[in-house]
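Letters go in sequence order (proteins before strands), and every chain restarts at 1. Remember, it's a predicted structure, so these values are computed and weren't measured experimentally.
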Amino acid sequence: MIDPKLLRTRTEEVKANLARRGFEFDTDAYLALEEQRKALQVETETLQGERNSSAKRIGQAKAKGEDIEPLLAAVKTLGERLEQAEEQLKGVQQSLRDIELGLPNLLAEEVPDGSDEDDNVELRRWGEQPQFDFEVKDHVAIGADLGMLDFDAAAKISGSRFAVMRGDLARLQRALIQFMLDVHTREHGYEETYVPYLVHDTALLGTSQLPKFEADSFKTDADPPMYLIPTAEVPLTNLARDTLFDSSDLPLHLTAHTPCFRSEAGSYGQDTRGLIRQHQFEKVELVQLVGAGESAAALETLTGHAETVLQRLELPYRVVRLCAGDTGFGAALTYDLEVWLPGQGRYREISSCSNFSDFQARRMRARVRNADTGKPELIHTLNGSGVAAGRALVAILENYQQEDGSVRVPDALEPWMGGVSRIA
RNA sequence: GGAGAGAUGGCUGAGUGGUCGAAAGCGCUCCCCUGCUAAGGGAGUAUACGUUAAUAGCGUAUCGAGGGUUCGAAUCCCUCUCUCUCCGCCA
C-alpha cells in the first residue's frame with residue numbers, strides 16, 4: 001500500500017507516478033470518497049464522544065445515588081444515530097481500502113520510462129557467450145535425447161506445463177539447489193529457512209499477490225482457503241507480519257528453497273515449450289528485511305548475490321533495469337538477471353530482484369523501532385530469486401551441451417554431483 | 001477426533017460492568033547519587049486516526065478476530081482463529 005497520508009495530500013503526484021506504469025488512478029472517485037470519509041469520521045467520533053461523556057455522567061450519578069432516569073432519556077436516540085453513522089463510515093472506509101489495495105507501488109526515480117520488456121535498460125553484461133561448432137539444440141531436445149526430461153509423462157499425470165526429470169538431470173537440479181543455498185548461507189550471510197508451502201490469503205495480501213492477482217495462484221478449497229505459494233517470498237516476507245523489530249534485529253537476510261506454484265493465467269501460448277514457464281518449479285529465494293534508509297543499497301547487494309550464482313556456474317548473463325511498464329505491482333525498482341540461452345539465441349529472465357520499499361511492510365504492519373527516536377517505523381522489504389533452479393537447469397543444458405549430446409557439469413556443482421562430471 | 005485451560009502494552013503479568021489506555025515488575029530514555037564496577041533515588045515511556053502550523057493540546061479507536069447485550073464492556077453472551085495440557089488416532 002501507498003502511504004495513505006501521501007495519497008491524500010499529494011494525490012496528483014501519486015497519479016503521475018502511477019501513470020508511468022500505464023496505471024490510471026481515478027483520483028476524482030478517490031477524492032470524493034475521501035471527503036465523505038472525513039465528514040463521516042468527524043460525525044461518528046463526535047457522537048462517540050457524546051456517548052462516552054454521558055455514560056460517564058450516568059455512572060457518577062448512580063454512584064451518588066441520584067436519579068438517572070432523565071439522563072437515560074437524554075441519550076435515548078444517540079445509539080441509533082451513532083449506529084447509522086458508524087455503518088456509513090465503515091462502508092466508505094471499505095471502499096477506500098479497496099482502492100488503496102489496488103494501487104501499485106510508487107516507482108523509484110531511476111526507473112526508466114517504457115511500456116514493456118523492450119524498454120528495459122541493459123546495465124551490464126557478464127561472461128562470454130559459448131561458441132559451438134555444431135548445431136545447438138534447445139534444452140527440450142537435449143533432455144529428451146538424454147532420456148531424462150519427459151513432458152509427456154508429466155502431462156499424463158498433471159497436464160501441460162509440468163515436467164518429469166529423471167536420473168542425473170533430476171540430480172543436477174538438486175545439486176543446483178544445494179549449491180545455491182550453500183553459497184547464500186556460507187558466503188552471503190543468509191539464514192536458511194524452511195517454510196510452509198500453503199498459506200492463508202492474509203499472507204498473499206501482505207506481499208501484494210492479493211487481491212489483484214488471485215487468478216495467478218492455485219487456491220485450495222480448504223476452509224479457510226489455502227493458497228499454494230507462488231514464491232518463497234510470500235512465507236519469508238510474511239515472517240515480519242505484525243512484528244515490531246528492535247533496530248538491532250535488522251537487517252534480516254533469509255533464504256529458502258521451495259517449489260513455486262503458478263497458474264500462469266493469461267500466458268497461454270507463451271513459452272509452451274520446455275521448462276521456462278511451468279505450473280511448478282523450484283527456486284532459491286533471497287529476502288532482506290531492512291531499515292527504511294537502507295533498501296536502495298540492499299537491492300544492489302542482493303542483486304550481486306544472485307549474480308554470484310551465475311558467475312560461479314559460468315553462465316553468461318546481463319542485468320537489466322525494468323522500465324515503468326514492466327515493473328511488478330509491488331516493486332519500486334527491479335533488476336532482472338537474464339541468462340544467455342543458446343537454444344533460443346537470446347537472454348531470458350532467471351532472477352528478478354526488487355525493492356518493495358515500505359509497500360509490503362505497510363500491508364503487513366512490519367515495523368522497527370527507530371534507534372534514535374524510539375518510534376516505530378515501517379521496515380523495507382526486498383527479495384530476489386537466487387536463482388530459479390528450473391531455469392538455471394535450462395541454462396546449463398544449453399550452455400554446457402556437447403556435440404555428442406552429453407552435457408558437461410559446471411565445476412561449481414562438483415561437490416553435489418557425486419563424481420558425475422558429464423551427464424550422458 | 002474428544003475433554004479442559006488460555007490469548008491484555010516492547011516483554012512478564014494484574015484486572016469479572018462505570019473514574020481502566022489499563023496495577024506491578026522487567027526493559028528502555030532522561031536526571032540525581034556514586035572516584036572504576038556493582039548498587040541506589042526520581043521522572044518519563046503504546047499505536048493508529050481525526051482536528052491543528054504543530055511530533056503542543058483536544059477528541060476517537062484499539063486488551064486475539066468478528067458479532068451481540070447495555071446508557072456504559074478488557075470484564076457478560078455467541079461464533080471463529082490460534083496457543084497450551086490430557087486422552088484417542090497416525091507416523
Going through the checks in order, is the salt bridge (charged side-chain N to carboxylate O under 4.0 Å, His left out) test met by A:Arg365 and A:Asp242? CA-CA 5 Å; A:Arg365 281 173 42 86; A:Asp242 290 324; 3.5 Å; yes
How many angstroms lie between atom CG of A:Leu254 and atom OG1 of A:Thr193, to the nearest 0.5 angstrom? 4.5 Å
Under 4.0 Å from OP1 or OP2 of [N]: is there any side-chain N or O of [X] that close?
| X | N | answer |
| --- | --- | --- |
| A:Lys375 | B:A46 | no |
| A:Asn52 | B:A61 | yes |
| A:Arg51 | B:A61 | yes |
| A:Lys5 | B:U55 | no |

Side chain A:Lys62 and base B:G18 donor-acceptor under 3.5 Å: yes
Taking the side chain of A:Arg367 as its heavy atoms from C-beta onward, which of B:G67, B:U47, B:G10 lies nearest to it? B:U47
Among B:C49, B:U60, B:G72, which is the nearest nucleotide to the side chain of A:Ala55? B:G72
Side chain to side chain donor-acceptor pair (under 3.5 Å) with A:Asn120: which of A:Asp326, A:Thr327, A:Thr334? A:Asp326
Using 30° and 60° as the class limits, which term best fits the ring planes of A:His184 and A:His188: parallel, tilted or perpendicular? tilted
Distance between the C1' atoms of B:G21 and B:U62, in whole angstroms? 9 Å
Can you tell me how far P in B:U19 sits from the matching atom in B:G72, rounded to whole Å? 14 Å
A:Arg362 with A:Glu100: basic N within carboxylate O range, under 4.0 Å: no
Do A:Leu176 and A:Leu393 have side chains that approach each other closer than 4.5 Å (heavy atoms only, starting at C-beta)? yes
Tell me, what's RNA chain B's dot-bracket, Watson-Crick or G-U with both distances under 3.5 Å, | for other-strand, [ ] crossing? ((((((((.[[[..)..(.....]]]((((((.......))))))((((((.....)))))).[[[[[..)....]]]]])))))))....
Just to be sure I understand the rule, does A:Lys38 reach a base, reach only the sugar-phosphate, or reach nothing, if contact means heavy atoms closer than 4.0 Å? sugar-phosphate
Base, sugar-phosphate alone, or nothing: which one does A:Arg362 contact when heavy atoms must sit under 4.0 Å apart? nothing
